[in-house]
Amino acid sequence: MSLLEIKNLHACVDGVEILRGINLTINPGEVHSIMGSNGSGKSTLARVLAGDEAYEITKGTATLNGVDLLDMAPDVRAREGLFLAFQYPVEIPGVSTKYFLRTAVNAVREHRGLDELDAYGFLKLVKEKAAWVQLDSALLDRPVNEGFSGGEKKRAEVFQMAMLEPVMAILDETDSGLDIDALRIVAKGVNKLRNPDRGFLVITHYQRLLDYIVPDVVHVLLDGRIVRTGDKELALELEEKGYGWIEKETSTSA
Amino acid sequence: MCTDTIETCPLCDAIEKLSERSMSEQRREACHRMHAIGWPNRKLEAWRYCNLKDIASTRWHPAPPAALSQADLDDFAIDGTAARLVFVNGRFDPTHSSPLPDGVRLLGPLIDETPLDVDTPFADDYFAAMSTALIEDGVIIDVPAGVVLPGSIHVMHITEGGCDPIATTLRILIRVGCGARLGVIETWAGHGTALTTPMTEAHLDEDARLDHARLIEESDETTHLGTIASRQAAGSTFESAILSVGGRIARTRVHASLDGEGAHAAIRGLGMGTDSRHIDNALHVMHASPACTSREYFKNLLAGDSTAAFTGRIHVAHGAQQTDAVQTNRNLLLSPTAKSWARPQLEIYADDVKCTHGATTGEIEAEALFYLLARGIPEATARSLLAWAFVAEVVDEVPLPALRKHMARRMLSMLPGAERLDESVVSM
Ligand SMILES: Nc1ncnc2c1ncn2[C@@H]1O[C@H](COP(=O)(O)OP(=O)(O)OP(=O)(O)O)[C@@H](O)[C@H]1O
Ligand SMILES: [Mg+2]
């Protein structure tokens, strides 16, 4: 059975249709990448899958391990194993990162029938996973994302992903704002999580990331539709030629 | 004696009963003052958001002496206090109190020789006058110059209501001498239908410091209409924290007068509104001298049909240069039917002045909520976590750790959904 299956998904915001019939199937163990110009609907797709209620779904289905995803509340989706690394992680003053993470980890563990982690077990896990992305542990003593640099926020997202061990992870431009070393480190963290049961959907503008996180499938999203699907060579082609030629081909074939 | 109609003087009974006893001159004078001021109505600016209709139609009785029904006061205890003085219906209860520390006397036996309301900033306040008319007892704290009292003095007032609605009060008179230091915590709690009108006056001499808190943890049937007045000499520091988590109305009127150069006042307020409770804070900060700083930080969490009002007047007198005043009032609405009002009023008569104020009312931010949900945190937990985060910074700045802990616990015990949060959410 496929891990994530999206069929003819349409979504609107404030009466404007942003997603206009998305079809996408990700099998366990696969890494898919989505590329596409600004405003094409990449983040919309990611947030619709994570359950952002600002979007209205007008048509189509999405399932996670065969279970209707769109019917679940966003927190249930997360506990079922869906993870979204935000394009713009939110600063939450007053909420300690450690408290937030422990609450999240234990909510997910409870859902999976695992025991709650005590303070010691939690800190051990934090230490282990923070090392994966070389996250400065001083950041964890601050409120959630507060005052983090752009790169630190992205690293922290991958760290959270490592803590929560999702079955299906969506990374929305996790590479943007990272310096070259950080990009490698973050990619290494993601690769450590790759396994035969887990799926990834990596949204990016840059082929460079895909040198480090090598995708099985690359899609091009244009104006709310997936207009082209290929292998990693497609990313190279896009890097070279931009999106113009696809746009042209799409409009002539339409 | 009192011939006013119920609308203009709902406390006729109380006053008549008082008049049957031997009345000191100042209590009699206070009764007259009540008549002269008249029952406050909502047309008066100071009472615009406070609905006093119910208490106007209630026949109040001066609280009779009563025994403490709640033997266990530990629920209100604050760790590390140096002394506990318990008052029941306005009268001292020696069995539940610790011995009076040096410099602390009871007001009751001295009442006729202690001038009250001298120079009071609340001469126009009906309930301040009522407080003096009803007064039975209180605390006089006098810390001599240079003395630092270890630990705080905890004054607990417990109302024991019976069949009749009762009115009760307590006066706390504080003087902190030059360079001396004192902590005073007031707790207001109890049972039954009551009207409480606490009044605390503090005089701080040069370089003195007073850490004060008023914890309003009254019963749901109690209307709490209190006042706090401070006068500060040069270089002194007054810190006050007002916790409004009880009472159908919890109103506190504060008058802070920065009389001497370089004095500093920080007044914090934390409120949790549930059901149809009303939280009302009216502050008047008077910058009378140069180089004084004042801070007003007030935050409320409003659930159910609760309401909150904040009135903040900052007066900067002629010549009070280098005044630095900050005032903020922020409300987080946890339900669509909760409401809040804020009215900042600045009167500035000096030119070299830094004076900022800000008032906001909002709901839980959708993006922050979505972020927590997207990490698997259940919605009720996520909402209470964000609500707690909203007020945590005010709690974090209260100087006394044990007080911080108590305030945090009280807020959390009333916050819908907070039973899902664990103790460690409070950073100590
Ligand atoms: N809440 C909203 N209200 C109105 N328009 C919206 C809203 N959210 C998204 N849009 C619009 O939907 C379109 C798709 O936005 P989306 O964020 O999904 O793009 P994207 O592909 O992620 O772009 P980028 O590469 O810049 O991140 C944009 O034109 C955007 O302005
Ligand atoms: Mg985007």
Side-chain angles (χ1 to χ4, degrees), chain A residues 46-47 49-55 72-86 88-112 116 118-119 122 141-146 153 157 160-161 163-166 169-170 172, chain B residues 268 270 272 297 299-301 328 330-332 334 358 360 362-398 404-405 407-408 411-412 415 417-428:
Chain A
R47 295 178 67 103
L49 292 175
D52 185 348
E53 277 157 15
Y55 301 95
M72 289 180 221
D75 53 317
V76 180
R77 298 182 198 196
R79 294 197 292 275
E80 284 285 333
L82 188 84
F83 180 90
L84 169 63
F86 282 57
Y88 304 108
V90 191
E91 299 196 11
I92 313 181
V95 175
S96 103
T97 302
K98 276 190 186 140
Y99 187 88
F100 150 72
L101 256 183
R102 186 141 82 94
T103 309
V105 167
N106 281 332
V108 169
R109 286 179 68 92
E110 191 188 334
H111 190 76
R112 292 178 184 163
E116 220 176 70
D118 60 11
F122 173 73
D141 294 326
R142 305 231 290 259
V144 177
N145 293 321
E146 198 181 57
K153 280 182 186 161
E157 291 290 286
Q160 288 181 28
M161 175 172 74
M163 290 290 291
L164 294 170
E165 302 184 327
I170 304 168
D172 191 357
Chain B
R268 298 183 174 85
L270 205 58
M272 174 77 231
Y297 300 122
K299 279 194 170 182
N300 296 307
L301 292 175
T328 62
R330 306 206 187 284
N331 299 284
L332 187 67
L334 303 176
T360 58
E363 292 159 30
I364 283 181
E365 243 177 79
E367 188 67 5
L369 180 63
F370 180 52
Y371 192 76
L372 298 186
L373 297 178
R375 296 297 176 255
I377 298 176
E379 180 162 349
T381 310
R383 284 185 181 277
S384 55
L385 185 56
L386 291 171
W388 170 247
F390 178 79
V391 290
E393 66 166 23
V394 176
V395 179
D396 286 347
E397 281 168 11
V398 170
R404 280 206 293 276
K405 196 158 136 187
M407 291 174 79
M411 290 294 286
L412 286 170
L415 178 63
E419 64 281 356
R420 296 156 197 271
L421 302 179
D422 96 29
E423 281 260 299
S424 67
V425 75
V426 180
S427 54
M428 284 303 141

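Naming: A, B, ... by sequence-line order, numbering from 1 per chain.
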(request) Before accepting this row, confirm whether a basic side-chain N of the pair A:Arg102/B:Asp422 lies closer than 4.0 Å to the acidic partner's carboxylate O. (result)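 Yes, A:Arg102 and B:Asp422 are salt-bridged.
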Taking side chain as everything from C-beta outward and backbone as N, CA, C, O, which of these in [X] sits under 4.5 Å from a heavy atom of chain B? Side chain, backbone, both or neither.
| X | answer |
| --- | --- |
| A:Glu157 | side chain |
| A:Pro166 | neither |
| A:Val144 | side chain |
| A:Glu91 | neither |
| A:Pro74 | both |

In terms of heavy-atom contacts, does [atom1] of [X] have more than 12 from other residues, nucleotides or ligands at under 6.0 Å?
| X | atom1 | answer |
| --- | --- | --- |
| A:Glu116 | CD | no |
| B:Glu367 | CD | yes |
| B:Glu419 | CD | yes |

(message) Pair B:Leu372, A:Ile92 - check side-chain contact (heavy atoms from CB on, under 4.5 Å), show working.
(response) CA-CA 10 Å; B:Leu372 298 186; A:Ile92 313 181; 3.8 Å; yes
(message) Could you measure the distance from the CZ atom of A:Phe100 to the CG atom of B:Leu385? Nearest 0.5 Å is fine.
(response)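 So the CZ of A:Phe100 and the CG of B:Leu385 are separated by 9.0 Å.
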(request) Could you grab the distance from atom CG of B:Leu373 to atom CD of A:Glu53, nearest 0.5 Å is fine? (result)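 Between atom CG of B:Leu373 and atom CD of A:Glu53 there are 8.0 Å.
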(message) Out of A:Leu84, A:Val105, A:Val108, return the one with the most heavy atom pairs under 4.5 angstrom to chain B.
(response)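 Counting heavy-atom pairs under 4.5 Å, the top option is A:Leu84.
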(request) Walk me through it: do B:Thr381 and A:Thr103 pass the test side-chain contact (heavy atoms from CB on, under 4.5 Å)? (result) CA-CA 9 Å; B:Thr381 310; A:Thr103 309; 4.1 Å; yes
(message) What part of B:Glu393 gets within 4.5 angstrom of chain A, counting heavy atoms only: side chain, backbone, both, or neither?
(response)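 For B:Glu393, there is no contact with chain A at all, as no heavy atom is under 4.5 Å.
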(request) Show your working on side-chain contact (heavy atoms from CB on, under 4.5 Å) between A:Phe83 and B:Arg375 and close with a plain yes or no. (result) CA-CA 7 Å; A:Phe83 180 90; B:Arg375 296 297 176 255; 3.4 Å; yes
(request) Grab the two heavy atoms, one from A:Ala78 and one from B:Ala374, that are nearest each other, plus how far apart they are. (result)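 The answer is CB-O, 3.4 Å.
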(message) Please give me the minimum heavy-atom distance between B:Pro378 and A:Ala107, naming the atom from each residue.
(response)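 The answer is CD-CB, 4.2 Å.
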(message) Please evaluate residues A:Val95 and B:Trp388 with respect to the criterion side-chain contact (heavy atoms from CB on, under 4.5 Å), reporting the C-alpha separation (whole Å), side-chain torsions for both, the decisive distance (0.1 Å), and the verdict.
(response) CA-CA 8 Å; A:Val95 175; B:Trp388 170 247; over 6 Å; no
(message) If you define the side chain from C-beta out and look only at heavy atoms, does anything of B:Ser424 sit under 4.5 Å from A:Lys98?
(response)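 B:Ser424 vs A:Lys98: side chains apart.
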(request) Side-chain contact test, heavy atoms from C-beta onward, threshold under 4.5 Å: evaluate it for A:Phe86 versus B:Phe370 and give yes or no. (result)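 Sidechains of B:Phe370 and A:Phe86: in contact.
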(message) Is a donor from one side chain sitting under 3.5 angstrom from an acceptor on the other, for B:Tyr371 and A:Asn145?
(response)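 The answer is yes; a qualifying pair exists.
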